[in-house]
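Side chains are part of it too, since the values below use all heavy atoms of this structure and drop only hydrogens, waters and symmetry mates. Chain letters run A, B, ... following the sequence lines, proteins first, then strands; residues in each count from 1.
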Number of protein chains: 2
Amino acid sequence: MVLPRAARTQRRTRIQEEKEERILEAALEVFSANGFRGATVDQIAEVAGMSKPNLLYYFRTKEAMHRALIDRVLDTWLDPLREFNAEGNPVAEIRSYIRRKLEMARDYPRESRLFANEVLQGAPHIEDELKGPLKALVDEKAEVIRAWAKAGKIAKCDPYHLIFAIWSTTQHYADFDVQVRAVLGQGNAGEGRFEDAARFLERLFVDGLQVSEQPAA
Amino acid sequence: MVLPRAARTQRRTRIQEEKEERILEAALEVFSANGFRGATVDQIAEVAGMSKPNLLYYFRTKEAMHRALIDRVLDTWLDPLREFNAEGNPVAEIRSYIRRKLEMARDYPRESRLFANEVLQGAPHIEDELKGPLKALVDEKAEVIRAWAKAGKIAKCDPYHLIFAIWSTTQHYADFDVQVRAVLGQGNAGEGRFEDAARFLERLFVDGLQVSEQPAA
DNA sequence: TGATAATTTGACCGGTTGGTAAACATTACA
DNA sequence: TGTAATGTTTACCAACCGGTCAAATTATCA
């Protein structure tokens, strides 16, 4: 028979497991660095250390590889936001969210760039995920933040734009890494930049959200 | 003679001026939406409304088109930062910088995405610009901010990461536009989102930088 | 061990891509 | 107006790309 992985009806062999793993790892490397269109199957095959037809035996099309990769990565990518806890201390929750997002930018920059490439070019392959699960999750957490503000636990602010601001500032260190390095120069670009960023961002967001303002006149 | 625009020794004809303009406009459209590798010369030709060989008469290679486009756009893209004025009121300067960057994200999203695509994929074509003129400009303005902080006019903070934060939060609304729209949904995604973002960001940065903190214990 | 299924590969295909050659058309200008 | 320079187009090419095929190799297990 010649039924590759797409048609696996039940269990996968050890060899399938291993190869699909190696392929997705290579695909992450190549897609995140070049975007979907910019990536070539040959490139992925070379990084994975196998022949192109062999790749296509496990994933029948380039698109299928990309989709499998997205599906696999998206879930863990949204974990930090999922952990956002309505019961916890608001300022502590926000601070810890920032810290976790920044750690992900540091430890998983390829995953960040994978999505950045995709969204930047109009999200042709993940539109549904954005409008569905992502929006639902953000809506839920935005409601939590709104409740905190209403209860006077943090300053009033638009919860959606707060989330956007945390996303953008943290992912910046993954997505625009070369620019950050170029601007900081050799001296300051040593790994200290993530600690500096953490210090700066925690202060920025926490001081900006503490309840401390009186309505002007 | 068959010396196209690359070899223009002195003046350019009216027709050259017009065509190069149309080409660069089309190139901006296509490069910003697809990245360098994802863009095709045929696509640009179609958008520009001329034949591919005709394009290549004015710009001998795809690379040359991209370079010309970058050179043209980078200057105006950095204008807001250049206007950053050491003599002005610090908080007002920062607020106005945020506002201008956000206006650019709204009015020139293609330019923003052009650079985002480039930087995201490792800046293979603009590394020199980043390490040279960009770094120099940022260094200069970072010094201004540092001086303000030293003089007690704003809270102490890392000026580089402050600039990164302003860049990332504002450009987010151009680069990740589809995601922002998807999350905000039909209702809130009407153009109001830029006003909401402006309100949020001005508050975030200004409250976060006002001199109002006393050193904890 | 042998036979059956799963895996791997080299050769290849049609379509796309960046770019060229040369003939043709248009413009500028003496 | 004539002619030389400039601009435009059609036809084309070689390299690359995603994907197929059939043959060969390897793993599985009765």
Send over the distance from [X] [atom1] to [N] [atom2], rounded to a whole Å.
X	N	atom1	atom2	value
B:Ile23	D:dG7	CD1	C1'	11 Å
A:Phe59	C:dT7	CZ	P	13 Å
A:Met50	C:dG10	CE	P	14 Å
A:Leu55	C:dT9	CG	P	10 Å
A:Arg60	C:dT7	CZ	P	14 Å
B:His66	C:dG18	NE2	P	13 Å

Polar atoms only, N or O, under 3.5 Å: list the protein pairs with nucleotides 16-18 of chain D and their distances.
{"from": "D:dC17", "atom 1": "OP1", "to": "B:Arg37", "atom 2": "NH2", "distance (Å)": "2.8"}
{"from": "D:dG18", "atom 1": "OP1", "to": "A:Ala39", "atom 2": "O", "distance (Å)": "3.2"}
{"from": "D:dG18", "atom 1": "OP1", "to": "A:Lys62", "atom 2": "NZ", "distance (Å)": "3.0"}
{"from": "D:dG18", "atom 1": "OP2", "to": "A:Val41", "atom 2": "N", "distance (Å)": "2.9"}
{"from": "D:dG18", "atom 1": "N7", "to": "A:Lys52", "atom 2": "NZ", "distance (Å)": "3.0"}

Any donor-acceptor pair under 3.5 Å from A:Glu118 side chain to A:His125 backbone: yes
Quick check: does any side chain N or O of B:Lys62 sit under 3.5 Å from a backbone N or O of B:Ala39, one acting as donor and the other as acceptor? yes
Acceptor/donor pairs from residues 101-111 of chain A side chains to any protein atom, 3.5 angstrom cut, sequence neighbours excluded:
{"from": "A:Arg110", "atom 1": "NH1", "to": "A:Glu25", "atom 2": "OE2", "distance (Å)": "2.9"}
{"from": "A:Arg110", "atom 1": "NH1", "to": "A:Glu29", "atom 2": "OE1", "distance (Å)": "2.6"}
{"from": "A:Arg110", "atom 1": "NH2", "to": "A:Glu25", "atom 2": "OE1", "distance (Å)": "3.4"}

Is it true that B:Glu83 and B:Lys141 make a salt bridge, defined as a side-chain N closer than 4.0 Å to a carboxylate O? no
Compute the ring centroids of B:Tyr173 and A:His161, then answer whether they are less than 6.0 Å apart.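 Ring centres of A:His161 and B:Tyr173 closer than 6.0 Å.
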Think [X] has a side-chain N or O under 4.0 angstrom from the OP1 or OP2 of [N]?
X	N	value
A:Ser51	C:dT8	no
A:Gln16	C:dT7	yes
B:Tyr57	D:dT9	no
A:Asn54	C:dT9	yes

Give every residue pair that meets the side chain to side chain donor-acceptor pair (under 3.5 Å) criterion with at least one member in residues 163-172 of chain B, sequence neighbours excluded.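 Sorted pair list: B:Tyr97-B:Trp167.
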So which nucleotide from C:dA21, C:dT7, C:dT9 ends up closest to the side chain of B:Pro53?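 Selected nucleotide: C:dA21.
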Check the angle between the aromatic planes of A:Phe36 and A:His66 and answer parallel, tilted or perpendicular using the 30° and 60° thresholds. perpendicular
